[in-house]
**Student:** 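Here you go, one structure.
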Amino acid sequence: MVDRNKGVQVLIYVILGILAVLCILPFLLLVMSSFTEELSLARNGYSFLPKKLSLDAYKFLLVDSTDIVRGYLISAGVTVTGTLINVCLTVLFAYPLSRKDLPGRNVFAFFIFFTMLFNGGLVPSYIMWTQNFGIKNTWFAYVVPGLMMSAFYVIMVRTYFTTNIPDAVLEAARMDGAGEWSILVRIVLPMSVPIVATIMLLVGLAYWNDWTNGLYYINRDNMFSIQALLNRMLMDVQYLLSNAQSASSLNQDIVLPATGIKMAIAVLGALPILAVYPFFQKYFIKGIIIGAVKG
Amino acid sequence: MEKKENQWKALKKLRQFLPLYCMMLPGAIYVLINNYIPMAGLQIAFKQYNYAKGISGSPYVGFKNFEFLFKTKEAWVITRNTLCYNAVFIILGTTLAITVAILLNEVKSMVMKKLFQTVILIPFLISMVVVSYLAYAFLSTDTGFINKSIVEPLGLEPVSWYSSPQYWPFILVFVHLWKGFGYNSIIYFATLVGIDKGYFEAAAIDGASRWQQIRHITLPCLKPTIITLTLMSIGRIFYSDFGLFYQVPMNNGLLIDVTNTIDTYVYRGLVTLNNVSMVSAAGFYQSMVGFVLVLTANFVVKKLSKENALF
């Protein structure tokens with residue numbers, strides 16, 4: 001009996017171990033490729049155990065680093081502003097919704113909930129943002145469309161407020177003469193640190209990783225965020241690929257240029273998230289759980 | 001006299017709640033612009049869009065855009081692709097996530113449990129653009145890992161992945177599962193942790209095997225979560241992950257038959273070809289059918305088990 005349990009435990013470890021390795025291996029390949037010498041890349045392809053290591057890709061990026069540094073700065077700026085605005089809007093909308101005595105509460109709840117069921121889609125949104133608001137090639141294009149507030153998080157925060165903040169606490173504060181704003185700032189928010197932190201993480205991640213707004217609304221090189229830059233580089237690979245295929249039928253010796261640099265840029269795109277993840281993972285997992293169970 | 005008092009009371013009440021309404025104002029304005037105006041903008045599907053006149057000024061053309069759309073072969077292809085991929089994603093994704101959640105729950109060492117949870121979430125954190133680079137590192141014809149390190153050493157012809165549509169249904173399903181299984185597993189795992197341990201102890205005393213416990217306790221306890229998550233996915237079955245279908249195949253024209261979904265079709269038509277009339281009907285079709293599907297899915301769940309319905 002004991003032996004059999006042990007066997008089952010080993011089997012579980014093996015299966016989960018394989019899955020965990022599968023999650024990490026692609027990143028390992030990416031990193032190793034970015035450190036591989038160009039000639040060795042051309043001969044042996046992307047490999048976990050490259051024949052010859054080199055820092056050339058990164059050296060090249062360091063020499064011509066304006067695009068990447070600018071991309072990082074834009075991404076960081078957008079993420080910080082977007083996340084702050086989103087969290088403010090979400091909390092400000094969710095707190096009144098959590099108040100059972102608010103007249104018209106159901107109307108507002110439906111107003112926000114309905115956006116989860118039905119939406120206008122890309123065509124009218126695109127026309128509105130570009131024609132009426134003229135956000136093409138501006139900072140607004142990264143921050144405003146789609147990401148500034150979402151019904152899902154509003155409902156999540158609302159539910160947190162209703163279940164975790166007793167009416168008696170609010171009542172007592174009101175007795176002491178506190179206004180609604182000071183109740184929100186001094187009482188509700190300090191009691192809601194976990195949910196606010198969770199939203200911040202999830203929204204921040206969404207802003208940092210967003211590349212669609214860049215794709216739709218940005219076409220000027222000096223406005224590319226890191227994700228938009230990565231996106232353009234990827235399409236260039238494809239361009240090179242189609243050219244190289246016709247070229248290689250004429251000349252066998254042709255080598256795709258800058259194969260390693262592309263992987264190095266991808267590493268730089270993924271690095272910030274992977275670097276901070278270990279510090280945030282506890283809150284992150286907690287956040288997903290709160291969102292799932294209570295959202 | 002009494003009427004006046006009531007009015008005064010109502011006014012006082014309104015004044016009391018005024019700060020709360022003020023708080024909601026910025027969010028309400030944003031939702032109005034970001035969500036509700038585009039809903040009204042859907043009428044563009046019935047118009048001949050004129051760039052200079054805008055949506056409201058363009059003339060109505062009835063169902064002409066729809067006639068045009070449904071006469072093309074694409075209408076069928078994008079509907080088929082969107083629905084079939086999503087159906088496979090829902091079935092395989094749910095099965096995989098539940099399996100992993102149950103396995104995670106069986107791991108005894110707390111350290112290993114935390115470690116597995118942390119690692120399986122990594123793919124979820126990465127943007128689809130980076131995922132496309134990862135896929136490219138494996139699939140590139142000339143330098144990809146699969147061709148250079150597996151196919152060629154075996155003495156086989158290298159495969160030109162990015163121009164062979166027959167492989168892409170499998171590649172896309174794999175990438176989707178790889179990216180999303182961690183997140184869903186954690187959600188199911190959270191539900192599992194919440195199950196009363198007493199059930200399992202009682203079952204063990206009665207001599208139930210581990211497998212029987214999973215079948216008769218774990219799975220029934222997961223049922224509400226499974227229903228809710230599946231319901232939400234079915235509601236979104238007419239929408240596809242734009243990044244997965246556009247970025248990962250690198251927008252390659254040779255693969256379009258198996259990678260084109262409603263979202264990629266609309267994007268290509270709108271931004272690349274700038275042909276609004278062509279895609280506005282497709283957008284309308286997506287919004288409407290999507291809406292009907294959410295309502296239907298919720299209605300069915302309400303009939304089966306009321307407490308699991310979304311609304």
Side-chain angles (χ1 to χ4, degrees), chain A residues 12 15-16 19-20 23-24 26 29-30 33 41 44-47 89 92-93 95-96 99 102-103 108 112 115 117-128 131 148-149 179-181 205 209 211-212 216 227 230-231 234 237-238 256 259 263 266 269-270 273 277 281 285 288-289 292-293, chain B residues 17 19-20 23-24 26-27 30-31 34-35 37-39 41-42 44 54-55 100 103-104 106-108 116-120 122-123 125-127 129-130 132-134 136-137 142-145 147-149 183 186-187 190 242 247 250-252 266-267 270-271 276 279-280 283 286-287 291 294:
Chain A
I12 289 169
I15 297 173
L16 288 177
L19 286 173
C23 288
I24 296 178
L29 183 64
L30 190 75
S33 304
L41 266 186
N44 306 315
Y46 301 121
S47 150
L89 289 183
L92 286 177
F93 204 88
Y95 171 63
R99 289 279 301 268
L102 181 80
F108 289 107
I112 193 83
T115 63
L117 305 179
F118 186 60
N119 70 70
L122 180 61
V123 184
S125 307
Y126 179 81
I127 292 172
M128 177 184 76
Q131 301 273 95
M148 229 162 73
M149 182 168 139
E180 293 295 351
W181 285 91
L205 186 71
N209 277 344
W211 53 275
T212 49
Y216 299 154
Q227 302 292 341
L230 281 171
N231 177 38
L234 188 74
V237 173
Q238 205 227 340
L256 273 182
T259 348
M263 292 299 140
I273 298 267
Y277 177 55
Q281 55 91 9
I285 293 173
I288 293 175
I289 292 169
V293 177
Chain B
F17 287 108
L20 291 176
M23 288 177 191
M24 296 170 92
Y30 177 69
V31 171
N34 185 64
N35 300 77
I37 292 181
M39 285 181 203
L42 275 174
I44 192 180
I55 293 181
V100 173
L103 292 180
L104 259 182
E106 298 289 319
V107 171
K108 292 210 178 75
F116 283 132
Q117 284 185 44
T118 307
V119 171
I120 60 174
I122 290 178
L125 300 170
I126 296 303
S127 80
V129 186
V130 175
S132 312
Y133 279 87
L134 297 177
Y136 180 75
D142 307 309
T143 52
F145 177 78
N147 272 355
K148 282 287 178 183
S149 301
Y183 181 81
I186 299 290
I187 293 179
F242 176 63
Q247 287 287 2
M250 304 216 288
N251 187 20
N252 198 318
V266 169
Y267 169 75
L270 180 69
V271 180
V276 175
V279 294
S280 59
Q286 181 178 43
S287 289
F291 184 49
V294 185

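Just so it is clear, the values below take in all heavy atoms, side chains as well, and ignore hydrogens, waters and symmetry mates. Within every chain, numbering begins at 1; the chains are lettered A, B, ... in the order of the sequence lines, protein sequences first and strands thereafter. Model, not experiment: these values are computed from the prediction.
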**Student:** Contact part of B:F145 toward chain A, heavy-atom cut-off under 4.5 Å: side chain, backbone, both or neither?
**Tutor:** both

**Student:** For the atom pair CD1 (A:I15) and CG (B:L104), what is the distance rounded to the nearest 0.5 Å?
**Tutor:** 11.5 Å

**Student:** Output the distance between atom CE (A:M263) and atom OG1 (B:T143), rounded to the nearest 0.5 Å.
**Tutor:** 7.0 Å

**Student:** Which heavy atom of B:L42 sits nearest a heavy atom of A:P124, and at what distance?
**Tutor:** N-CG, 3.9 Å

**Student:** For the interface with chain A, which of B:I37, B:V107, B:I120, B:L134 has the highest count of heavy-atom pairs at distances below 4.5 Å?
**Tutor:** B:L134

**Student:** Parallel, tilted or perpendicular: which fits the ring planes of A:Y216 and B:F242, with parallel below 30° and perpendicular above 60°?
**Tutor:** tilted

**Student:** Would you please test A:L92 and B:M24 for side-chain contact (heavy atoms from CB on, under 4.5 Å) and show each step?
**Tutor:** CA-CA 6 Å; A:L92 286 177; B:M24 296 170 92; over 6 Å; no

**Student:** Measuring heavy-atom distances to chain A, does B:V294 have an atom under 4.5 Å in its side chain, in its backbone, in both, or in neither?
**Tutor:** side chain

**Student:** Is A:W181 in contact with chain B via its backbone, its side chain, both, or neither, using a 4.5 Å heavy-atom distance?
**Tutor:** both

**Student:** Tell me, please, which residues at least two apart from B:P26 pass side-chain contact (heavy atoms from CB on, under 4.5 Å).
**Tutor:** A:L89

**Student:** Chain B heavy atoms under 4.5 Å from A:Q281: which part of the residue, side chain, backbone, both or neither?
**Tutor:** side chain

**Student:** Just give me the residue among A:S125, A:P103, A:G179 that pairs up with chain B most often, heavy atom to heavy atom, under 4.5 Å.
**Tutor:** A:P103

**Student:** If you round to the nearest 0.5 Å, how far is CE of A:M149 from CG of B:N34?
**Tutor:** 10.0 Å

**Student:** Please classify the contact of A:L117 with chain B as side chain, backbone, both or neither, using a heavy-atom distance under 4.5 Å.
**Tutor:** both

**Student:** Compute the ring centroids of A:F118 and B:F291, then answer whether they are less than 6.0 Å apart.
**Tutor:** yes

**Student:** For A:Q131, is it the side chain, the backbone, both or neither that has a heavy atom under 4.5 Å from a heavy atom of chain B?
**Tutor:** side chain

**Student:** State, yes or no, whether a side-chain contact exists between A:N44 and B:K148 at a heavy-atom distance under 4.5 Å.
**Tutor:** no

**Student:** Can you check whether A:M148's main-chain N or O pairs, donor with acceptor, with B:Y30's side chain at less than 3.5 Å?
**Tutor:** yes

**Student:** Using a cut-off of under 4.5 Å on heavy-atom pairs, state which of B:S287, B:G41, B:S280 scores highest against chain A.
**Tutor:** B:S287

**Student:** Report the distance from atom OH of B:Y133 to atom CG of A:L30, rounding to the nearest 0.5 Å.
**Tutor:** 9.5 Å

**Student:** Looking only at heavy atoms, what is the nearest atom pair of A:A20 and B:V119, with distance?
**Tutor:** O-CG1, 3.5 Å

**Student:** For each of A:I273, A:L122, A:L16, tally heavy-atom pairs with chain B at distances under 4.5 Å, and name the one with the top tally.
**Tutor:** A:L16

**Student:** Where does B:Q286 contact chain A at under 4.5 Å (heavy atoms): side chain, backbone, both or neither?
**Tutor:** neither

**Student:** Do you know which two heavy atoms are closest between B:L270 and A:V123, and how far apart they sit?
**Tutor:** CD2-CA, 4.0 Å

**Student:** State, to 0.1 Å, how close A:I285 and B:Q117 come at their nearest heavy-atom pair, and which atoms those are.
**Tutor:** CG2-OE1, 3.3 Å

**Student:** At what distance, to the nearest 0.5 angstrom, does OG of B:S127 lie from CG of A:L230?
**Tutor:** 6.5 Å

**Student:** Using atom types as modelled and distance alone, determine if a side-chain donor or acceptor of A:N209 lies under 3.5 Å from a backbone N or O of B:L125.
**Tutor:** yes

**Student:** Please classify the contact between B:I126 and chain A as side chain, backbone, both or neither, with a heavy-atom cut-off of under 4.5 Å.
**Tutor:** both

**Student:** Would a 4.5 Å heavy-atom cut-off, applied to side chains only, mark A:F93 and B:M23 as touching?
**Tutor:** no

**Student:** To the nearest 0.5 Å, tell me how far A:I12 CD1 sits from B:F116 CZ.
**Tutor:** 10.0 Å

**Student:** Counting only non-hydrogen atoms closer than 4.5 Å, does A:I127 touch chain B with its backbone (N, CA, C, O), its side chain (CB onward), both, or neither?
**Tutor:** side chain

**Student:** Where does B:T118 contact chain A at under 4.5 Å (heavy atoms): side chain, backbone, both or neither?
**Tutor:** both

**Student:** Let's test your reading of the structure: which of B:N35, B:V276, B:I44 forms the most heavy-atom pairs below 4.5 Å with chain A?
**Tutor:** B:N35

